[in-house]
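Remember, it's 1-based here, ligands and their atoms both numbered in the order they're listed.
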Amino acid sequence: MKPLVNRMDLLTGEVPSGATVVIRRASDMKGLYQNRVALEGLIKAKDPVVYQVYNVAVPERNGELQHCVSIIYPGKVGDEYFMTKGHFHARRDTAEVYLGLRGKGKLLLQTEKGEIEVLDMFPGSILYIPPYWGHRTVNVGDEPLIFFAIYPGDAGHDYQTIEAHGFRKVIVERDGKPVLVDNPNYRPST
Ligand code: S6P
Ligand code: ZN
């Protein structure tokens, strides 16, 4: 691997070259929001992009550092804000750092035992995700939420655990403000 430099657009978060982009539309988020009817309506209307991630191409092996830019667009499904799917790292003993660049967000973290934490994301926020904590980001503002992430090359991603159990809490809008409420559909691990 040779040293490399890439450029991101600080306003839009786009990385025009040197990265692969993952695009998640409303139709990719089935089962993740509480209000299924609202999600179906959104999919039928125009199936908007909920978020996208520019992953700089780095080998997925020990010693390397994966790094990427995530952009979560403003919007809601019912009263639940646009958010990422959320995942654990496949290698649970790997950490991650997020650097907030634009917008207003919440980082929802949860262990497999169901312990939960919520951190604020804002331009200049430096967030540490320790090993063993699953994580999901939520855009609670009215502009794109953009952040840069760095994590071990061989961390991998486990989406299935979150899909199967959900997060204990969800972030919804109440009277124009984000509020953390219990997830009625949370299925704890036994
Ligand atoms: C990777 C890191 C982020 C997320 C991205 C999208 O470990 O945490 O780059 O991949 O924000 O979220 P998700 O849950 O769809 O991977
Ligand atoms: Zn991660």
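Between the CG atom of Leu119 and the CE atom of Met121 there is a distance of 9.0 Å, given to the nearest 0.5 Å.
Here the protein contributes His87 NE2, His89 NE2, Glu96 OE1, His135 NE2 as N, O or S atoms under 2.8 Å from the Zn ion (ligand 2).
No side-chain heavy atom of Asn183 sits less than 4.5 Å from a side-chain heavy atom of Arg168.
Remark: Glu60 CD is loosely packed, at most 12 non-hydrogen atoms of other residues, nucleotides or ligands lying under 6.0 Å away.
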Between ligand 1 and the protein, give all atom pairs where both partners are nitrogen or oxygen and the distance is under 3.5 Å, as lines of names plus distance to 0.1 Å.
{"from": "ligand 1", "atom 1": "7 (O)", "to": "His87", "atom 2": "NE2", "distance (Å)": "3.2"}
{"from": "ligand 1", "atom 1": "7 (O)", "to": "His89", "atom 2": "NE2", "distance (Å)": "3.2"}
{"from": "ligand 1", "atom 1": "7 (O)", "to": "Glu96", "atom 2": "OE1", "distance (Å)": "2.9"}
{"from": "ligand 1", "atom 1": "7 (O)", "to": "Glu96", "atom 2": "OE2", "distance (Å)": "3.2"}
{"from": "ligand 1", "atom 1": "7 (O)", "to": "His157", "atom 2": "NE2", "distance (Å)": "2.8"}
{"from": "ligand 1", "atom 1": "8 (O)", "to": "His87", "atom 2": "NE2", "distance (Å)": "3.2"}
{"from": "ligand 1", "atom 1": "8 (O)", "to": "Glu96", "atom 2": "OE1", "distance (Å)": "3.1"}
{"from": "ligand 1", "atom 1": "8 (O)", "to": "Glu96", "atom 2": "OE2", "distance (Å)": "3.0"}
{"from": "ligand 1", "atom 1": "8 (O)", "to": "Tyr98", "atom 2": "OH", "distance (Å)": "2.6"}
{"from": "ligand 1", "atom 1": "8 (O)", "to": "His135", "atom 2": "NE2", "distance (Å)": "3.4"}
{"from": "ligand 1", "atom 1": "11 (O)", "to": "Ser70", "atom 2": "OG", "distance (Å)": "2.7"}
{"from": "ligand 1", "atom 1": "14 (O)", "to": "Gly86", "atom 2": "N", "distance (Å)": "2.9"}
{"from": "ligand 1", "atom 1": "14 (O)", "to": "His87", "atom 2": "ND1", "distance (Å)": "3.0"}
{"from": "ligand 1", "atom 1": "15 (O)", "to": "Tyr51", "atom 2": "OH", "distance (Å)": "2.5"}
{"from": "ligand 1", "atom 1": "16 (O)", "to": "His87", "atom 2": "ND1", "distance (Å)": "3.1"}
{"from": "ligand 1", "atom 1": "16 (O)", "to": "Tyr159", "atom 2": "OH", "distance (Å)": "2.5"}

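A salt bridge is defined here as a Lys NZ or Arg NE, NH1 or NH2 lying under 4.0 Å from an Asp or Glu carboxylate O, and Asp175 with Lys177 fails to meet this definition. One finds a salt bridge joining Lys169 and Asp182 here, because a Lys/Arg side-chain nitrogen approaches an Asp/Glu carboxylate oxygen to under 4.0 Å.
None of Val50, Leu42, Asp47 except one satisfies the side-chain contact (heavy atoms from CB on, under 4.5 Å) rule with Arg25; the exception is Asp47. Between Tyr159 and the options His87, His89, His165, a ring pair (Phe, Tyr, Trp, His ring centres under 6.0 Å) holds for only His87.
The side chain to side chain donor-acceptor pair (under 3.5 Å) analysis of residues 113-124, with sequence neighbours excluded, yields the pairs Lys106-Asp120.
Qualifying salt bridge (Lys or Arg N to Asp or Glu O under 4.0 Å) partners for Glu64, counting only residues two or more places apart in sequence or in other chains: Arg61.
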